[in-house]
Protein chains: 2
Amino acid sequence: MTTPQRGRPKGQQASKLSSEKIIICAAELLQQQGKVPSLRQVSRALEVDPMALYHYFDNKAALLQALCLQLFTQLYQPSGRDFRLQIQRLCHSYLQLLSDYPGLLETVLSMADSGPAQVFCQRFEQALAPLNLSAAQQEAARDLLVDYLHGFALSMQCNRSGQPLTVAHSSAAINLYLDGLSAPNR
Amino acid sequence: MTTPQRGRPKGQQASKLSSEKIIICAAELLQQQGKVPSLRQVSRALEVDPMALYHYFDNKAALLQALCLQLFTQLYQPSGRDFRLQIQRLCHSYLQLLSDYPGLLETVLSMADSGPAQVFCQRFEQALAPLNLSAAQQEAARDLLVDYLHGFALSMQCNRSGQPLTVAHSSAAINLYLDGLSAPNR
DNA sequence: ATTAAAATTCTACACTGTAGATTTTGTAAT
DNA sequence: ATTACAAAATCTACAGTGTAGAATTTTAAT
């Protein structure tokens with residue numbers, strides 16, 4: 001058992017910590033526990049003082065935002081002509097991330113600029129381009145889908161009923177949505 | 001300044017507290033602060049010891065559930081032939097409640113049975129009856145709408161961007177949704 | 001008169017995020 | 001070399017959270 005050593009560690013470039021290490025550790029704990037870990041839990045897992053984390057992040061919210069940015073680089077990148085399939089995959093990927101790492105919804109939603117929701121919207125518009133919707137229609141379609149996904153993600157994470165609610169349970173609603181988009185409006 | 005009096009109060013039927021008083025107080029604080037108050041804040045406002053609340057509710061979650069039940073008795077009751085209008089009003093009412101009393105979403109979602117979401121679904125199906133959808137279609141339509149509303153409510157409550165997101169901003173998406181429902185499918 | 005239940009306060013615990021000061025180490029300037 | 005300063009960490013401490021458990025007072029029932 002090594003007793004804690006105060007002050008800057010001796011290693012040259014071997015600082016015990018880094019923002020990457022912190023993020024990875026937080027992600028693991030998040031996945032294991034199924035909820036956002038406390039800073040003390042993260043620091044315990046890293047064998048470090050809680051306040052050390054504040055050298056790398058302004059506060060807990062900033063840490064979670066960085067974690068979100070990192071996680072959502074894995075979001076599915078649509079590329080293909082079949083817009084239905086592309087949107088299905090994009091939604092599935094988005095929901096799977098929110099399901100694997102629950103408790104990030106509020107962080108995601110509070111990151112307006114270039115956050116995960118924004119990235120999703122970009123890729124959504126990209127996949128939807130072939131439909132040639134009007135700007136207003138496209139905006140409404142985007143809003144309906146994005147908020148649906150967030151609501152469904154919240155529903156998964158709050159679900160205490162016996163039968164576990166999984167990403168798969170979203171497909172009927174998403175197909176209905178896509179039917180509505182495909183249908184000639186008015 | 002009355003010093004706190006320990007033990008059961010003397011009044012015959014005049015117990016200082018009641019579950020109704022607690023719920024009303026919690027609702028007021030929730031509306032004022034825009035977020036769920038702590039039990040200590042509620043107890044302070046009631047000029048009572050925090051632990052007194054536990055005589056009326058098992059825990060904080062139970063208090064919030066009771067509060068939700070009470071609040072959502074105000075939910076719009078659809079009655080009329082125009083299903084579009086009825087659903088619009090129902091959605092507006094649901095969102096307005098979640099907007100006026102923010103922070104209840106997780107409570108609402110964790111109350112599977114006879115909770116607000118359930119009440120909404122009943123009234124939704126009632127309003128949608130004239131459309132004569134198949135059971136599966138109706139279920140998908142319900143899921144899409146309910147989760148959209150929860151996602152939008154969460155979005156309102158997380159929104160830190162300058163322009164305030166209000167219930168009115170949901171109408172375009174809801175109209176798109178209703179268009180999809182009205183259109184002949186396939 | 002005795003007992004029990006109801007309604008309340010008190011004390012205490014483990015936990016949270018984080019502000020502020022302190023310590024140690026590495027690096028750059030003189 | 002010395003001096004200064006920034007970087008990286010720990011320590012202490014605070015105000016806040018939900019809540020378990022015990023003590024207290026009053027009312028109701030036997």
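Side chains included, hydrogens not; waters and symmetry mates left out as well; all remaining heavy atoms used. So that the names make sense, note that chain A is the first sequence line, chain B the second, and so on, each numbered from 1.
- Considering every non-hydrogen atom in both B:Pro37 and B:Ala26, the closest pair reads CG-O, 4.0 Å.
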Take A:His150 and A:Leu105 through the side-chain contact (heavy atoms from CB on, under 4.5 Å) test and state the conclusion after the steps. CA-CA 7 Å; A:His150 292 151; A:Leu105 259 179; 3.8 Å; yes
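- Side-chain nitrogen and oxygen atoms of B:His55 include at least one within less than 4.0 Å of the OP1 or OP2 phosphate oxygen of C:dA7.
- Between B:Arg40 and B:Asp49 there is no salt bridge, since no side-chain nitrogen of the basic residue lies less than 4.0 Å from a carboxylate oxygen of the acidic one.
- Among the nucleotides C:dT22, C:dT18, C:dT16, the one closest to any side-chain atom of A:Arg6 is C:dT22.
- Considering only the side chain of A:Arg44, C:dT16 comes nearest among C:dT18, C:dT16, D:dT19.
- In terms of polar N and O atoms assigned as donor or acceptor, the side chain of B:Arg40 never comes within less than 3.5 Å of the base of D:dG16 in a complementary pairing.
- Position along DNA chain C of the nearest nucleotide to A:Gln41 versus B:Pro50 favours B:Pro50 as the more 5'-ward residue.
- Distance B:Tyr54 OH to C:dC10 C1': 15 Å, rounded to the nearest Å.
- Taking the side chain of B:Met51 as heavy atoms from C-beta on, and the options C:dC10, C:dT16, D:dT17, the nearest nucleotide is C:dC10.
- Rounded to whole Å, the distance from CG on A:Asp49 to P on C:dT24 is 15 Å.
- The distance between atom CZ of B:Arg8 and atom P of D:dA22, rounded to the nearest whole Å, is 22 Å.
- At least one donor-acceptor pair under 3.5 Å links the side chain of B:Ser110 to the backbone N or O of B:Glu106.
- Rounded to whole Å, atom C1' of D:dA9 lies 11 Å from atom CG of A:Leu53.
- Listed nucleotides: C:dT9, D:dT19, D:dT17. Nearest to the side chain of B:Val48: C:dT9.
- Taking atom CG on B:Leu39 and atom C1' on C:dT9, their separation rounds to 16 Å, with Å as the unit.
- In this structure, A:Tyr56 reaches the D:dA9 phosphate: one of its side-chain N or O atoms is under 4.0 Å from OP1 or OP2.
- Within the 6.0 Å centre-distance limit, the rings of B:Tyr94 and B:Phe72 are counted as a close aromatic pair.
- Nearer to the 5' terminus of DNA chain C, by closest-nucleotide assignment, is the contact made by A:Ser38 (compared with the other of A:Asp58 and A:Ser38).
- Note: CG (A:Asn59) to P (C:dT16) measures 17 Å, nearest angstrom.
- The nucleotide whose nearest atom lies closest to any side-chain atom of B:Lys16 is, among D:dT19, C:dT9, C:dT18, C:dT9.
- One interatomic measurement links the two molecules: CZ of B:Phe57 to C1' of D:dG18, which rounds to 16 Å at whole-angstrom precision.
- The nearest whole Å value for the distance from the CG atom in B:Leu17 to the P atom in D:dT26 is 18 Å.
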